[in-house]
Amino acid sequence: MSDKLKKLIADRGSIKKIGVIGMGYVGIPSAMLYADAPDFDLVYGFQRDSKTSGYKIDMLNSGKSPLKGEEPGLEELIEKVVKAGKFKCTSDFSMISEVDAVTLAIQTPFKNPKDLEPDFGALMDGLKLAGKYISPGALVVLESTITPGTTDGMARKILEQESGMMAGEDFALAHAPERVMVGRLLRNIREHDRIVGGIDDISTKRAMELYSRVLTQGKIIPMSAMSAEVTKTSENTFRDLQIAAVNELALYCEAMGINVYDVRAGIDSLKGEGITRAILWPGAGVGGHCLTKDTYHLERGAKLAEDKLDYLEGEESLFVLARHINDFMPRHMFNLTKAGLERIGKDVKGSKVAILGWAFINDSDDARNTPSEIYRDLLLEAGANPSVHDPHVIDYPGVTIARDIGEVLKNSNAIAIFAGHQEYKALEAKAIKKMSGMEHPIIVDGRNIIGPDAFIEKGFVYKGIGRGDKNDHKIQNIQ
Ligand code: SAJ
């Protein structure tokens with residue numbers, strides 16, 4: 001523990017001013033909670049005044065949320081802290097010199113998962129700006145999900161180069177990964193336990209001071225920076241693995257002619273102390289900004305340590321295989337659609353297919369890495385004519401999203417359900433059939449939200465993920 005840093009922090013006293021770099025799904029709710037905490041005096045939200053996201057600066061400073069979709073309590077909190085003068089959004093990064101702590105909540109996508117090559121461009125720009133302006137005794141925290149080894153590796157290097165100071169000596173450095181989900185951002189930050197990992201104990205301690213002020217139910221779990229990086233990447237990797245396991249089971253159940261949901265309920269019934277059976281839900285695919293890439297961050301971290309790794313010769317990583325299984329599910333939806341059309345002697349080529357749900361998750365407008373896009377592209381490749389409906393997603397590059405479900409169902413040979421939105425749970429066979437105008441429309445349920453019998457009775461050709469008990473049903477001719 002560096003006495004020099006200890007003294008610098010003691011001279012500064014408790015954290016009063018904070019800077020948040022990256023006004024997005026993580027940065028905005030975090031900044032507002034810091035600003036609303038009585039212990040902190042002022043929070044700057046740092047946002048580049050770029051063509052694509054510069055508009056956020058004025059919106060936030062006028063107390064408005066630039067985030068799309070329902071975020072309970074967020075708009076009110078922005079208005080409150082802006083009115084109270086406790087939050088300012090700015091593109092003047094030199095103000096970082098004033099703050100006691102600066103956090104970075106910047107996207108860390110992958111350029112190419114195959115080569116495990118992340119796109120750290122935006123994060124490196126943020127680190128350079130933080131390094132350029134931080135003052136002695138400040139704390140820097142990475143909240144983005146990153147490859148294990150990044151905090152004490154690339155981030156430390158950039159911050160030291162830009163600042164001319166030493167991490168652990170002149171400034172504190174830590175990783176405290178976000179754990180938020182769209183639709184409940186504020187609640188997740190307040191209530192989830194927070195993993196806090198410093199490059200040394202004094203950095204961990206200083207970062208704990210920051211997060212303990214915003215947690216209501218959650219507790220702080222201190223550890224090393226590397227352990228924090230692995231915790232975050234592997235908690236999403238494990239979730240992805242659990243989803244891949246039940247997706248594989250669903251594919252088996254289809255082949256065996258049984259209902260995966262009966263099996264799931266059976267497995268889930270084994271309860272009692274010490275028995276955890278976390279079986280998740282099969283479906284049309286895994287989207288979003290997290291599960292689709294965090295496995296590759298973990299893999300990259302392990303690769304950096306592969307000279308010490310003892311693993312099966314020539315075997316693929318279980319985690320990467322899980323990614324491939326989940327990436328296969330939209331293609332499986334395509335195969336089910338094709339099989340359904342073939343049952344009535346139709347080819348995918350020239351067929352009109354209605355895609356219900358563009359969001360990657362239910363009842364949200366978030367369509368980042370949506371599985372629906374993979375399915376849509378497969379249809380286009382096969383010469384089909386896809387159309388898309390989603391009650392929540394307003395716009396998305398390269399696709400027209402209809403508001404009127406009748407419009408996409410009209411003359412549709414097939415209907416594919418990709419998101420479990422509430423609106424779709426009320427779908428009625430008779431009404432859908434009337435809108436499609438087909439004698440035997442194909443309906444492919446990727447989220448198990450419709451009752452197969454109600455549709456089969458109306459002459460639909462039903463296909464469902466994991467529904468081997470129904471997928472080869474007798475087609476009914478309705479007089
Ligand atoms: N999905 C399934 N079956 C399931 C659960 C989800 O197919 O049983 C699909 C969803 O449809 C969606 C995708 O997986 O397409 C991701 O869904 P999600 O519920 O995991 O949502 P995310 O990605 O927004 O949230 C995850 C969460 N991680 C964990 O629970 C370990 C969240 O806590 C994280 O904060 C978030 O990633 C993140 O930002 O890392």
Side-chain angles (χ1 to χ4, degrees), residues 22 24-27 29-30 67 69 71 105-109 142-146 175-195 218 228-251 260-261 264 267-268 277-298 319 322-323 325-330 332-333 356-375 390 392-393 417-421 424 445-449 465-466:
Y25 280 95
V26 176
S30 306
L67 295 184
E71 281 305 338
I106 296 170
Q107 299 225 4
T108 52
L142 280 77
E143 297 191 351
S144 312
T145 305
I146 45 183
H175 176 51
E178 57 80 16
R179 297 172 126 181
V180 297
M181 284 173 86
V182 286
R184 40 192 186 268
L185 297 173
L186 290 176
R187 217 179 73 218
N188 285 167
I189 296 171
R190 285 184 176 126
E191 298 178 1
H192 281 333
D193 291 349
R194 192 76 190 221
I195 309 289
E229 292 156 340
V230 172
T231 300
K232 173 61 192 185
T233 48
S234 46
E235 73 186 14
N236 275 346
T237 299
F238 273 45
R239 184 170 176 78
D240 196 48
L241 182 63
Q242 286 167 314
I243 298 168
V246 70
N247 276 335
E248 179 149 339
L249 181 63
L251 298 173
V260 70
Y261 294 95
R264 188 189 174 283
I267 294 173
D268 201 38
R277 289 278 181 280
I279 182 162
L280 294 180
W281 302 93
V286 170
H289 179 61
C290 313
L291 272 59
T292 51
K293 70 164 174 53
D294 291 354
T295 297
Y296 298 117
H297 277 300
L298 180 64
F319 305 140
R323 274 282 66 239
I325 291 168
N326 290 335
D327 281 349
F328 169 71
M329 298 313 282
H332 180 56
M333 286 289 283
L356 301 186
W358 196 256
F360 83 85
I361 206 159
N362 311 351
D363 306 320
S364 159
D365 71 334
D366 195 337
R368 287 175 289 173
N369 301 318
T370 179
S372 311
E373 187 165 13
I374 299 167
Y375 176 75
D390 194 295
H392 303 285
V393 182
I417 301 171
F418 261 78
H421 296 320
Y424 297 150
D445 187 354
R447 299 291 173 188
N448 199 45
I449 58 165
I465 287 193

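What you see below is based on every heavy atom in this structure, not just the backbone, and it leaves out hydrogens, waters and symmetry mates. Just follow the structure's listing: the first ligand is 1, and inside any ligand the first atom is 1. Predicted, not measured: the structure shown is a model, and the values here were computed from it.
Checking only distances, F360 does come within under 3.5 Å of ligand 1, N or O to N or O. At a 3.5 angstrom cut-off on N or O pairs, L280 does not count as close to ligand 1. Among the atoms of E235, none of the N or O lies under 3.5 angstrom from an N or O of ligand 1. Below 3.5 Å of separation, one finds an N or O of R239 facing an N or O of ligand 1.
Within the set V180, L185, I361, the minimum heavy-atom distance to atom 17 (O) of ligand 1 is found for I361. In the candidate list I243, I279, N326, I243 is nearest to atom 6 (C) of ligand 1, counting heavy atoms. For atom 28 (N) of ligand 1, the choice among I465, N247, N236 with the nearest heavy atom turns out to be N236.
The shell of residues lying under 4.0 angstrom from ligand 1, judged by heavy atoms, includes G287. For the pair M329 and ligand 1, no heavy-atom separation below 4.0 Å is found. Under a 4.0 angstrom heavy-atom cut-off, A284 registers as lying outside contact with ligand 1. Heavy atoms of H192 come nearer than 4.0 angstrom to ligand 1 in no pair at all.
Within the model, atoms CZ of R179 and CG of D193 stand 6.5 Å from one another, a figure rounded to the nearest 0.5 Å.
When each of D294, T145, T292 is checked for a side chain to side chain donor-acceptor pair (under 3.5 Å) with N236, only D294 meets the rule.
Using a 4.5 Å heavy-atom cutoff, the side chains of F418 and T370 are not in contact.
Using cut-offs of 30° and 60° for the angle between ring planes, the H392 and H421 rings count as perpendicular.
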